Amino acid sequence: MKTFLLVIFATAALSATTPVTFAQDEVPFQNQIEARQSFMKIYRFNIGMLGAMAKGELPYDAEQASAAANNLLAASKMSNGAMWPAGSDMNSEGLEGVTWAKPDIWTNFPEVGEKSRALTEALESMAAAAGDGLGALRSNMGAVGDGCKGCHEPFRASKD
Ligand code: HEC
């Protein structure tokens, strides 16, 4: 598993030399940027369900909690390097207001990979615990949230 996870962001470096372009793109790398933002929205949807249960805004349901946690885990293991081609950061020509990915991502691959792995590790525990009751779910929320924040703080700009 470790080796596989290492590959996730390593492939981003590879795709940097051969970025795929799509004829229908209106802005550079539109397809890749939309894909990665959708990927993040999948995270948000599933963590939102867990968060709502943890806060008591949604009744705890073991099956739904477990499904959401496993979706997060599966998403975190999805190879997504091709969605991050070099030149698709927020400072690139034409991409202001389109992407919030900081250029530092492309100069810090080892660190981005570490952040990615930290999230997967937190999600392994969450996926194992989410179906075991509200207490178990709650005790894993912080680590998962930190897994998201741990990458957003250095590598994603705020939209406001
Ligand atoms: C390894 C780094 C990394 C991790 C881990 C990570 N994100 Fe992100 N996230 C980003 C980057 C970079 C962007 C900006 C992407 C862009 O605008 O092109 C982003 C953007 C987002 C967005 C905005 C998407 C949009 O439509 O503009 C949401 C929502 C989001 N992340 C949720 C999450 C959640 C929830 C988690 C944890 C379960 C998470 N992210 C984990 C790097 C990460």
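Starting from 1, each residue takes its place in the sequence as its number. Note that the coordinates shown come from a computational prediction; the quantities given were computed from them, not determined experimentally. Every heavy atom of this structure was used, including side-chain atoms; hydrogens, water molecules and symmetry mates were not. We count ligands from 1, going down the list as the structure has it; atoms in each ligand are counted the same way.
- Side-chain polar atoms of Thr107 and Asp104 form no donor-acceptor pair below 3.5 angstrom.
- At a 4.0 Å cut-off, at least one heavy atom of Lys159 sits close enough to ligand 1 to count as contact.
- Considering Gln37, Lys102, Gln32, His152 only, the shortest heavy-atom separation from atom 6 (C) of ligand 1 involves His152.
- Those atoms of ligand 1 with a heavy atom of Trp84 less than 4.0 angstrom away are 11 (C), 12 (C).
- Atom 8 (Fe) of ligand 1 has no N, O or S atom of Tyr43 closer than 2.8 Å.
- In this structure, Ile105 counts as a contact residue of ligand 1, since one of its heavy atoms falls inside 4.0 Å of the ligand.
- In terms of heavy-atom proximity, Ala101 sits nearest to Trp106 at CB-CH2, 4.0 Å.
- Remark: Glu124 engages Lys77 in a salt bridge, criterion side-chain N to carboxylate O under 4.0 Å.
- Counting only heavy atoms from C-beta outward, the side chains of Leu119 and Tyr43 approach each other to under 4.5 Å.
- Listed by number with element, the atoms of ligand 1 under 4.0 angstrom from any heavy atom of Arg36 are 16 (C), 18 (O).
- If you look at Arg156 next to ligand 1, the close heavy atoms, those under 4.0 Å, all belong to the side chain.
- Here is the list of ligand 1 atoms found below 4.0 Å of a heavy atom in Ile47: 35 (C).
- With contacts defined as side-chain heavy-atom distances shorter than 4.5 Å, the pair Leu50/Met126 qualifies.
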Name the atoms and distances for all side-chain donor-acceptor pairs under 3.5 Å in residues 51-69, with sequence neighbours left out.
| unit_1 | atom_1 | unit_2 | atom_2 | d |
| --- | --- | --- | --- | --- |
| Tyr60 | OH | Ala130 | O | 2.5 |
| Tyr60 | OH | Gly131 | O | 3.4 |
| Tyr60 | OH | Gly133 | N | 2.9 |
| Asp61 | OD1 | Glu63 | N | 3.0 |
| Asp61 | OD1 | Gln64 | N | 2.8 |

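- Contact annotation for Phe155 and ligand 1: only backbone heavy atoms (N, CA, C, O) come within less than 4.0 Å of the ligand.
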